[in-house]
Amino acid sequence: MTRLEMVEKIREKTGVTYDEARTALENANWDMLDAIVALEHKTGAAEAQSAPKATAETVQDAAPAPRKRVVRRASAGEVGDKIANVVRWIGSFIQKIDETCVEVSRKDETLFTVSVLFVIMLFILKWWVPVLLVVASLFTGYRYRITGSSMIARAANAASSKASSKAEEIREQMNRSDDDDSQPQAQATPHK
């Protein structure tokens, strides 16, 4: 619900002017229920001042009324608005995730691009499949990069770059040790 709609709703419910409704909403941090309560207190205080003053006898005879505990409940419209806001936020979050992709490349050539939403769903359904694929592909020279401008994408890209570099170092060390093992070692034979 827009702020203008909120002001109009309060005007309908309380009968105050546009400026009074807007001021009450601003003071209540745009919480409609708090604004209505504040306006009711304000109009209640104004009515009490305009009412005729009671005589001393009437005040003494009247027993004080017990105070009732006021339980504040959100109306169905407010709850619906909050639920709608949550659903909109979840929708925009999923849209941002769907717009973010994982690029798989090898030797500076992009092989394919996959939606992050797909990767998350695969991870939820079969967590071990993407883990094994990523580990195996890092040792075969594949690199991953997340497209997007968010801070999370930058951090993930930095971590992916470090993991790729480390996997390349390990692979090179393994290749060097294999090369060392395959070369025949010259044995010194004693001459008789």
Side-chain angles (χ1 to χ4, degrees), residues 1-55 58-59 62-105 110 112-127 130 134 144-163:
M1 177 180 290
T2 65
R3 291 182 172 182
L4 180 63
E5 292 172 338
M6 293 169 76
V7 171
E8 290 301 323
K9 279 269 195 212
I10 289 186
R11 287 187 62 210
E12 289 174 16
K13 301 250 185 234
T14 60
V16 296
T17 66
Y18 177 85
D19 290 333
E20 290 173 322
R22 182 169 176 84
T23 303
L25 276 167
E26 288 173 349
N27 291 340
N29 200 18
W30 295 96
D31 184 344
M32 287 182 60
L33 187 57
D34 287 343
I36 290 172
V37 169
L39 286 170
E40 287 178 353
H41 283 296
K42 182 180 173 184
T43 57
E47 289 174 6
Q49 288 177 354
S50 65
K53 296 193 177 185
T55 61
T58 310
V59 172
R67 289 190 159 192
K68 292 183 180 179
R69 184 173 174 214
V70 177
V71 178
R72 198 175 124 184
R73 293 188 180 134
S75 68
E78 290 175 2
V79 172
D81 290 341
K82 289 180 181 182
I83 291 172
N85 287 339
V86 169
V87 169
R88 275 193 292 273
W89 180 83
I90 291 171
S92 67
F93 181 72
I94 290 173
Q95 184 179 8
K96 285 179 185 177
I97 288 176
D98 193 39
E99 291 170 356
T100 305
C101 296
V102 176
E103 288 181 355
V104 180
S105 61
T110 301
F112 61 91
T113 304
V114 179
S115 169
V116 170
L117 188 58
F118 174 77
V119 174
I120 290 171
M121 295 302 290
L122 182 62
F123 192 81
I124 289 171
L125 296 175
K126 303 269 187 189
W127 66 269
V134 167
Y144 299 95
R145 188 174 88 75
I146 297 177
T147 61
S149 61
S150 71
M151 192 165 51
I152 294 171
R154 288 190 294 270
N157 287 336
S160 174
S161 178
K162 285 181 183 178

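Here the straight-line distance linking atom OG of S105 with atom CZ of F112 works out to 10.0 Å at 0.5 Å rounding. Note that the CD1 atom of I36 and the CD atom of E40 stand 7.0 Å from one another [nearest 0.5 Å].
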For residues 2-10, please give each side-chain donor-acceptor pair under 3.5 Å, one per line with the distance, not counting sequence neighbours.
| residue | atom | partner | partner atom | Å |
| --- | --- | --- | --- | --- |
| T2 | OG1 | E5 | N | 3.3 |
| E5 | OE1 | T2 | N | 3.0 |

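Counting all heavy atoms, side chain and backbone alike, D34 lies closest to A28 at CB-CB, 3.6 Å. Here the closest heavy-atom approach between residue T113 and residue E103 is recorded as OG1-CG, 3.8 Å. Taking all atoms of both residues into account, the shortest heavy-atom contact from T147 to T100 is O-CG2, 2.9 Å.
Legend: residues meeting side chain to side chain donor-acceptor pair (under 3.5 Å) with S115, ordered by chain and number and at least two apart, are D98. S92 meets the side chain to side chain donor-acceptor pair (under 3.5 Å) test with no other residue; sequence neighbours excluded. Qualifying side-chain contact (heavy atoms from CB on, under 4.5 Å) partners for I90, counting only residues two or more places apart in sequence or in other chains: V86, I94. In terms of the side-chain contact (heavy atoms from CB on, under 4.5 Å) criterion, A38 has no residue partners (sequence neighbours excluded). For N27, there are no side chain to side chain donor-acceptor pair (under 3.5 Å) partners, not counting sequence neighbours.
Side-chain N or O atoms of N29 include none that pairs as donor or acceptor with a backbone N or O of D31 at under 3.5 Å.
For the pair L25 and M32, the minimum side-chain heavy-atom distance is below 4.5 Å.
Between T17 and E20, the side chains place a donor N or O and an acceptor N or O closer than 3.5 Å (distance only, hydrogens not considered).
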